[in-house]
Protein chains: 2
Amino acid sequence: MGRGVTMSTVAEKAGVSTKTVSNVVNGTGSYSPETEQRVRAAIEELGYHINPFARGLRSRRTDTIALVLPNLYQPFYAEFAEQVIRSPETQGLKVVLESTRGDAGRERAVLSSHRELVDGVIYVPHALGPEQYLPLPFARPTVVLGERPAEAAQLGLDYVETADEQGAHAVVGHLLAQGRRRIAVIGERPGPWAGARRLRGYRTALAEAGVDYDESLVIGVDDADLWSSGVAGATRLLRTRVRFDALFCFHDVVAVGALSVLARSGIAVPDDVALAGFDDIEAARFASPPLTTVDLGRESIARTAVALLRSRMDREDSRELPGRRESTGFDLRVRASSTTTPAPTESGVTAR
Amino acid sequence: MGRGVTMSTVAEKAGVSTKTVSNVVNGTGSYSPETEQRVRAAIEELGYHINPFARGLRSRRTDTIALVLPNLYQPFYAEFAEQVIRSPETQGLKVVLESTRGDAGRERAVLSSHRELVDGVIYVPHALGPEQYLPLPFARPTVVLGERPAEAAQLGLDYVETADEQGAHAVVGHLLAQGRRRIAVIGERPGPWAGARRLRGYRTALAEAGVDYDESLVIGVDDADLWSSGVAGATRLLRTRVRFDALFCFHDVVAVGALSVLARSGIAVPDDVALAGFDDIEAARFASPPLTTVDLGRESIARTAVALLRSRMDREDSRELPGRRESTGFDLRVRASSTTTPAPTESGVTAR
DNA sequence: CAGCGCATTGACATCGTTGAACTAGCGGTG
DNA sequence: CACCGCTAGTTCAACGATGTCAATGCGCTG
């Protein structure tokens, strides 16, 4: 069963040459329907599986893509990875996960090591900013998640731009609409990361509502997306004794961490403080109270990313194509953590 | 840079044969220190990377292992996957993740497809029981997580047995020690899965304390480890109006879901009902109140599994070796969700 | 000093597949 | 009827590494 069954075994059984078997398997060349039948029957009967190494060696196709992300601990990344694996666009491809552990050195190393192994890379930057990763030698078609810097276009890098700014704008708009004016945020981290875009959305929403930006309401954290950052951030916020009636965390995990601090401190959510997160991880829906948040659409991000990759993987001249940019939308999920009026069980405001 | 650099490029530059380069790269054969120097220098200078396809074709080694698990949505699996990737034992290996989506067909398909691609497989069964997966043609060394059925020994399958029963026993013992007598459980699912072992621990703990097993306290769910199962389970439990003073969920995610139902129903945790979960996912620590749970030791499970694999991957005769069995321990993490007396911030009871 | 063993290195075939180039046959065309 | 274009299929080499085996040279033994 399958032991030592090669194309020539199949070819012999079907009475054709190995090349014809190869053609049938790959849908290349031309062959009659009867030949195809015979070959397929032989394959079936012998339990033949193509040897991916021989194929990879000869044709340079690996049918594998790499997904480079900081870690799998954060539900957002794990759920995103799952979406990439499941995406219909991924059919027929293997996905190799590379966790960089949020470490700049590992991130660099992982990106540089993808020379021959995979047909393409989906890269979720974390520790490296554009000025650090752009100079790296991308040897394979690469799709980057995040905001596209101008230089990326000539480098041939494709981008999936997520609606961080718009999403944050929508959340803050919602909080303002609820009558909140002193909206604290936790999760700011200097640099080119998602947090910066979310902060931008926060600021523009405030500005549009004529609410002054108050720096003392903005809490920075080192690791923008850890529960413990939420605990630390909320603790610091409370300790400053600054008045606030809403708290917007740049990640749901941070919000969950913050929520535990608020609960311990006897601060009622949403009555004293309206709480909102970002990412719409599963846990947000089951927090007490359920968390208002923004869904960036992991599924459509994943599908878009894989589709971009595929379109490059198949063509020879992909290196010459200029980098493309796709944007995805978001859904604001209003839940009980931010609504004092009895909340609708689940209300969605959709964009784009 | 790296374009078309092969062993013969290196060999030429170093003034040796390709075989010698191969020897240096693999540490096989013998060569003088000076030769090694020259070869390494040439490799460095040319930026040479070995072609994994050529190597895989010739030597049948892939330096890749597959991790087959139901999904990445469940934090326990995601965190476990991360541990497998990070484990020091994994150094030098690539890890391919295969998500079976908790689907029996996919699970079968994925397991059967690992003929040539990887050197070994770590398999976390979910939809298939032993009677279903044991007959499958395991073509590569395989380590299975869970309880080892007797037949597995001759098949040469290695097992990492996790302390589900002992862990559950400890949790329930703890709840009993807190004076709870009516301990409900959510998560039972018929079959050979972890839930069955946890249920066993529950029953023996009850028996040892002389508390009768009451079937009306045992709530089964379809998908044992989804938040929504917790919601559904808790809702059903409340609807039966059966009296209970503690709730033990077989997974933390279920407990978090149940917690949200209890909160909505005005049931105080831990005052009215002591709550405990299982798995010790990150979110458990940050629930309100923090969740008492059992840590099975993802890290040591991962390391043990990879170590078992490696020990087989390296040897030729691995097929002949009988299946081995390794057991791992657990940590009971007592937190505020189950302790009425002011809880210690974090208390750990360690086993094995 | 013949002969042996060992360390070091190389030549060559080979793993299984596919790209390039080629042949055979057949119907149609000017 | 010579020739063209097209389909169906073949032959052969090559992808880049490594296993096998042989060759070389050196020190040592008897």
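Because only heavy atoms are used, hydrogens play no part in the values below, and waters and symmetry mates are left out as well, while side chains stay in. Here is the naming used below: chain letters follow the sequence lines, and residue numbers restart at 1 for every chain.
Within 4.0 Å of Ser32(A), counting heavy atoms only, lie sugar-phosphate atoms of the nucleic acid but no base atom. Counting non-hydrogen atoms under 4.0 angstrom, Thr35(A) reaches the backbone sugars and phosphates but no base. Contacts of Ser17(A) with the nucleic acid, taken as non-hydrogen atoms under 4.0 Å apart, include base atoms. Counting non-hydrogen atoms under 4.0 angstrom, Val25(B) reaches nothing in the nucleic acid.
For the pair Met7(B) and Ile50(B), the minimum side-chain heavy-atom distance is below 4.5 Å. Side-chain contact between Tyr31(A) and Lys19(A) is absent, with no heavy-atom pair separated by less than 4.5 Å. Residues Leu69(B) and His126(B) form no side-chain contact, since every pair of their non-hydrogen atoms from C-beta on lies 4.5 Å or further apart. Here the side chains of Met313(A) and Ile65(A) are in contact, with some heavy-atom distance below 4.5 Å. Contact check for Thr64(A) versus Val95(A): no side-chain heavy atoms found under the 4.5 Å cut-off.
Counting to the nearest Å, the P atom of dC15(C) and the CZ atom of Arg61(B) are 19 Å from each other. Distance CZ (Arg55(B)) to C1' (dT17(C)): 20 Å, rounded to an integer number of Å. Between Asn23(A) atom CG and dT18(C) atom C1' there is a gap of 9 Å when expressed in whole angstrom units. Look at CD on Glu12(A): it is 15 Å from C1' on dG16(C), rounded to the nearest Å. Here dC6(C) presents its C1' atom at 17 Å from OH of Tyr31(B), a figure rounded to the nearest Å. Counting to the nearest Å, the P atom of dT9(C) and the CZ atom of Arg38(B) are 8 Å from each other. Protein atom CD of Glu36(B) is 13 Å distant from nucleotide atom C1' of dT8(C), rounded to whole Å.
Taking side-chain N and O atoms only, Arg60(A) has no distance below 4.0 Å to OP1 or OP2 of dT17(C). At dT7(D), none of the side-chain N or O atoms of Ser30(A) fall inside 4.0 Å of OP1 or OP2 (strictly under the cut-off). The side chain of Asn26(A) places an N or O atom within less than 4.0 Å of a non-bridging phosphate oxygen (OP1 or OP2) of dT18(C). Note on Arg58(A): every side-chain N or O is 4.0 Å or more away from OP1 and OP2 of dA14(D). Regarding contacts with the backbone of dG10(C), every side-chain N or O of Thr18(B) stays at 4.0 angstrom or more from both OP1 and OP2.
Residues Arg55(B) and Asn26(B) have side chains that bring a donor and an acceptor to within less than 3.5 angstrom of each other.
Between the Asp158(B) side chain and the Arg324(B) main chain, a donor and an acceptor come within less than 3.5 Å of each other.
With dT9(C), dG16(C), dG16(D) as the candidates, the nucleotide lying closest to the side chain of Asn51(B) is dG16(D). Listed candidates were dG9(D), dT18(D), dT18(C). Nearest to the side chain of Thr20(A) is dG9(D).
Between Met7(B) and Val16(A), the residue anchored nearer the 5' end of DNA chain D, judged by the nucleotide with its closest heavy atom, is Val16(A).
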Taking N or O atoms only and anything under 3.5 Å, show me the protein contacts with nucleotides 21-26 of chain C, one pair per line.
none

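Every residue two or more places apart in sequence or in another chain was checked for a ring-ring contact (aromatic ring centres under 6.0 Å, His included) with Tyr159(B), and none qualifies.
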